Structures are given as structure tokens and as C-alpha cells.
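No experiment lies behind these values; they were computed from the predicted model shown.
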Number of protein chains: 2
Amino acid sequence: MEGTTVADTAQTATRVVSAADRVQRPQARTLERREAVLQAAMQVFGARGYNKGALVEVAEQAGMTHAGVLHHFGSKEGLLIAVLKYRDGIEVAGVEAREQAEGPSFLSHIIETVAENTHRPGVVQTYAVLSAESVTDGHPAQEYFRDRTTVLREKIAGVLGEVTEGHASRQDLLDAASTLIAVMDGLQVQWLLDPDAVDMPRIVTKTLDELVDRLMSGAAAPSAVERANALVDPTGR
Amino acid sequence: MEGTTVADTAQTATRVVSAADRVQRPQARTLERREAVLQAAMQVFGARGYNKGALVEVAEQAGMTHAGVLHHFGSKEGLLIAVLKYRDGIEVAGVEAREQAEGPSFLSHIIETVAENTHRPGVVQTYAVLSAESVTDGHPAQEYFRDRTTVLREKIAGVLGEVTEGHASRQDLLDAASTLIAVMDGLQVQWLLDPDAVDMPRIVTKTLDELVDRLMSGAAAPSAVERANALVDPTGR
DNA sequence: GCACACTTACTTACAAGTCAGTAAGTCACT
DNA sequence: AGTGACTTACTGACTTGTAAGTAAGTGTGC
């Protein structure tokens with residue numbers, strides 16, 4: 001399978017970045033082999049979950065044995081962490097390509113990401129499965145997801161604050177951010193179970209619009225429960 | 001296998017319901033033993049997930065061996081299904097005690113349930129973990145959660161339709177229902193990871209209020225992304 | 001009201017498989 | 001020549017599920 005040829009050797013020296021920040025110097029194709037493993041792991045963990053996803057399956061899909069995978073990542077847990085960081089890396093790279101999350105335009109980035117996710121169920125599944133699995137006792141990705149959520153909430157609240165220009169309290173901003181994150185995450189599960197039942201981009205967009213509009217208005221919506229009760233008993237018991 | 005004897009023959013005529021469709025009569029304490037297993041299973045599956053939750057642990061917590069558990073439920077998968085149905089049973093019983101989901105008052109029931117859930121992290125975790133795990137390939141609870149979500153969405157959309165009295169289209173009602181479900185599910189994960197970071201009842205209530213208010217108004221909120229862009233470039237590029 | 005036939009509710013023991021991780025060796029690059 | 005990238009081979013810890021046995025129930029006929 002491996003056809004490492006003379007051609008490879010010629011250009012290893014040309015790359016400045018090659019072994020720059022690595023602790024140990026890897027061979028020419030190492031980086032792409034590691035990446036192949038990471039992609040395989042994303043797919044397997046997404047399809048089966050971290051607990052049920054076996055290293056042999058990851059290894060097979062990356063074209064090596066499971067011991068080879070362990071050679072690169074030390075342990076299954078190490079692989080998980082690497083997958084998570086890799087995913088972040090990809091996402092950041094994607095954002096950077098567009099524009100690195102400058103204030104208000106971060107909102108359109110969110111919408112775009114949701115729309116894109118519609119075409120990559122694998123990525124969505126990996127994230128949805130792992131994030132929920134992470135709440136189990138002693139799960140290795142627990143801290144990762146807790147931190148990630150906190151940072152994201154803070155970030156979204158900040159952007160919403162900019163957009164609404166001081167019309168809303170910090171608490172309302174944080175609540176709105178939590179709501180938006182919850183809608184995105186919750187919809188993913190619904191969508192994975194039944195892709196035709198929900199239109200993720202439309203619903204997330206609507207939610208965001210309503211959230212911002214409400215934040216701007218400064219007033220809370222009337223109680224839905226009271227409205228409902230009034231319907232049942234118009235006299236107002 | 002069947003030892004149909006003369007004794008049987010003598011009385012088969014007396015009973016209309018004969019051995020053929022006999023349900024199996026359990027002994028006196030069987031029901032509570034089964035329930036002990038179900039409770040143990042809820043706890044273990046919640047804490048560890050279905051895949052990692054071992055039968056031995058469930059059995060231990062119920063005070064028997066894992067073979068005893070299999071005697072009652074046939075297989076691990078059978079136990080999972082039983083747990084899910086058991087959970088529904090409890091919930092239905094709770095609803096019935098209050099009032100069986102009559103139209104508009106279903107909304108206050110939702111809010112009450114969310115508030116109650118704040119005091120039973122175990123139940124929340126079981127649901128959150130299993131529902132997300134169910135999206136993995138060939139998971140035994142997949143159909144259960146798909147159906148459950150569909151029914152719930154339809155139900156909520158129906159109630160929202162009653163409350164808003166024809167002000168909204170069916171699509172908008174379904175979207176609002178999906179949103180509400182997503183918020184509840186998504187918040188649960190955030191809350192499990194960091195209980196102090198989100199106030200579930202408050203946020204769900206707010207979301208419901210805003211959803212109903214928006215549905216009543218009939219008009220969509222202005223685009224948040226456009227508002228944000230206007231901020232960055234007020235000329236309107 | 002008691003013996004007999006049979007079932008239920010388990011237990012212990014085991015089979016069979018899966019999985020992460022390790023040790024030692026091979027081979028290609030550098 | 002030495003290090004990095006593997007493979008092969010193996011171990012040990014866990015799994016679920018099955019088989020076989022046992023004690024305690026349950027219902028029936030007499």
C-alpha cells in the first residue's frame with residue numbers, strides 16, 4: 001500500500017512549518033497519516049459513540065492496525081482529545097477563511113455554519129453524540145465540552161450585547177445565548193433522528209431574529225401560560 | 001417441551017383463557033423486584049450510558065446477579081426498552097395526577113415539569129444521555145426517541161394552535177414546537193455539565209412566552225444578521 | 001389440608017466474544 | 001546508526017448471554 005518514493009524526499013526540506021512545533025520530529029508522511037486516523041476516528045465515534053467505537057475500526061479505516069493508532073495517540077482517550085482539538089482546528093480554519101469572528105458578523109457565521117452542517121451529517125453526529133455522552137460519569141471529554149459551552153455562551157452574549165447596544169441586561173444576554181446554543185444542539189438531535197422533520201437553518205435563523213428583536217424591545221413577552229388560562233376561563237377566575 | 005397431560009385436558013374447558021395465551025402469572029413480590037431493577041437500570045444507564053452501563057452493575061444495585069436481571073428482561077436491549085416504557089409510565093402517572101394534558105393547560109404542565117427536573121438530575125441525565133446516544137448506528141432506542149419526538153412536536157404544535165387561535169400557519173406552529181423541544185433538550189445538557197450556568201425553568205418559560213407572542217403577532221422578527229450588518233456598515237453597502 | 005405437578009425466581013458456572021493496552025520486532029528514512 | 005512508524009502477537013479485563021441447578025411458590029385433585 002505504501003509507495004513512498006524518491007519524489008517525496010526531495011521536498012521535505014522545503015517546508016518550514018514541517019517539524020516546527022513538534023516535540024519529536026516526524027517523518028514526511030506522518031502528519032497526513034495522523035490526520036487520516038483523526039478523520040476515521042471522527043467518523044467512527046460519530047457513528048458508534050466514544051464508548052462503543054472500537055480502535056480496531058478506527059485503525060482499519062485509516063489503513064493500519066489498532067496498535068498503530070495507539071502508537072500515535074497513546075491511548076483511546078488521547079485520541080478522543082485529539083479528535084476534539086482537530087475538529088476545533090478545522091472550524092477555526094473555516095472561520096478564518098471567512099473572517100475571524102469579528103463582532104456582529106459572528107452571527108451570520110453561526111447561521112452559515114448551521115446551513116453547512118445540513119450537508120455533513122457525520123460531523124453533526126460526532127458532535128451531538130460526544131457532547132451528550134460527555135455528561136456521563138468521568139467521561140474524558142467532560143471538561144472540554146463544559147469549557148466550550150462556557151466560552152461560546154460568553155462569546156454569543158458579547159456579540160448580542162454589541163448588536164443590541166445596551167438595550168439588554170447581562171443576564172438577559174446570557175439567557176439568550178444559552179437559548180441559542182440549546183436550540184442549535186437540540187435541533188441537531190431531532191434532525192439526526194428525522195432529517196425531514198426539522199429545517200435547522202430556518203428555525204435557528206428565526207430564533208436568532210426573535211431573540212435579538214426581544215432584546216432590543218426591552219420588554220418581556222406576556223406570560224403564555226396566563227394567556228392559555230384566560231382562554232380556558234375568560235373570566236379570569 | 002410441552003407436557004400436556006390428562007389433568008390439563010380435564011379443565012381446559014372450564015377456562016376460556018387457557019395455557020395458549022397465558023400471560024404468565026408473576027409471584028407476589030415479582031413486580032417490586034422488577035421495579036427495583038428498572039430503577040437501578042435508570043440510574044446506571046443515566047450515569048454511564050446504555051453501552052457502557054453493565055448488567056452486573058444494574059443487578060448489583062437491584063440486589064441480584066446479572067443472570068437474574070436477564071431472567072426478567074430477556075436481554076440488555078429488552079431491559080432498555082422496559083426502562084423507557086417505565087419512564088413514560090411514571091411521567092404519564094404524574095401528568096394524570098395533575099390533569100391529563102387537556103389542551104392549553106399542557107403548557108403549564110411543561111413548565112412545571114422543567115422546574116421539577118431541576119431537582120432530579122438523575123432522571124434528566126438518563127433522558128439526555130439515552131436520547132443522544134440513540135442517534136448512533138443501530139441503537140435499540142432509536143425508534144422510541146424518533147416516535148416520541150414526533151408525537152411531542154405534534155402535540156405541542158396543536159396546543160400552540162389552540163392558544164394562538166389561528167393566528168399562525170401550521171408550519172410556524174411546528175417550527176415553534178421544534179424550537180421549544182430543542183430548547184428543553186439542549187438546556188438539559190448545558191445544565192448537566194454546569195448546573196449553575198443556566199436557569200432552566202426561567203429560560204424555557206421565556207422561550208415559550210416569546211414563541212407564543214410571536215405566533216400571535218403574525219409578523220416575523222426583522223433579520224438579526226441585517227441589523228448586525230447595519231451596525232458595522234450603516235450606509236447599507 | 002395436603003401431597004403432587006409444575007412454574008417462577010433466582011444462583012453459580014461457564015462459554016464466547018470484544019476491547020484497550022503492551023512488548024518486541026521489522027523496516028524505511030534521515 | 002538510530003529513531004520514528006509501524007506490525008504481529010498476546011494478555012487481561014470485561015462483556016452479554018446460556019445452561020443447569022435449586023428453593024420457594026402456586027394451583028389442583030382428592
Over how many whole Å does the gap from [X] atom [atom1] to [N] atom [atom2] extend?
X: E32(B); N: dA9(C); atom1: CD; atom2: P; answer: 12 Å
X: F45(B); N: dT15(D); atom1: CZ; atom2: P; answer: 12 Å
X: R48(B); N: dT15(D); atom1: CZ; atom2: C1'; answer: 14 Å
X: F73(A); N: dC6(D); atom1: CZ; atom2: P; answer: 10 Å
X: N51(B); N: dT18(C); atom1: CG; atom2: P; answer: 15 Å
X: E57(B); N: dT16(D); atom1: CD; atom2: P; answer: 10 Å
X: M64(A); N: dT26(C); atom1: CE; atom2: P; answer: 21 Å
X: L31(A); N: dG4(D); atom1: CG; atom2: P; answer: 15 Å

Short side-chain N/O contact from [X] to OP1 or OP2 of [N], under 4.0 Å:
X: H66(A); N: dC19(C); result: no
X: H71(B); N: dA9(C); result: yes
X: R33(A); N: dC6(D); result: yes

- Message: Quick one: does any side-chain atom of E133(B) pair with a main-chain N or O of G49(B) as donor and acceptor, under 3.5 Å?
- Response: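 No; zero donor-acceptor contacts below 3.5 Å.
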- Item | Whichever of K76(A) and V69(B) has its nearest DNA chain C nucleotide further upstream toward 5' |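 Mapping each residue to its closest nucleotide by heavy atoms, the 5'-most match is V69(B).
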Under 4.0 Å between any heavy atoms, over every strand shown, what does [X] touch: base, sugar-phosphate, or nothing? Just pick one.
X: A67(B); value: base
X: L70(A); value: base
X: G53(B); value: sugar-phosphate

- Which atom of L160(B) lies closest to which atom of A177(B), heavy atoms considered: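 Taking L160(B) first and A177(B) second, the nearest heavy atoms are CD1-N, 4.1 Å.
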- Query: Which pair of heavy atoms, one from P201(A) and one from A115(A), lies closest together, and at what distance?
  - Reply: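 Heavy atoms of P201(A) and A115(A) come nearest at CG-CA, 3.9 Å.
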- Hey, what do you get for NZ (K52(B)) to CZ (F45(B)), rounding to the nearest 0.5 Å?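 Nearest 0.5 Å value for the NZ-CZ distance: 14.5 Å.
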- Task: Would you mind telling me which of dG17(D), dT7(D), dC10(C) lies closest to the side-chain atoms of T65(A)?
- Result: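 Minimum distance to the T65(A) side chain belongs to dT7(D).
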- Message: Among dG21(C), dG17(D), dC10(C), which nucleotide has an atom closest to any side-chain atom of L55(B)?
- Response: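 Nucleotide nearest to L55(B)'s side chain: dG17(D).
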- Item | Worked check of side chain to side chain contact (heavy atoms under 4.5 Å, CB included) between R48(B) and H139(A) | CA-CA 9 Å; R48(B) 301 242 202 264; H139(A) 195 283; over 6 Å; no
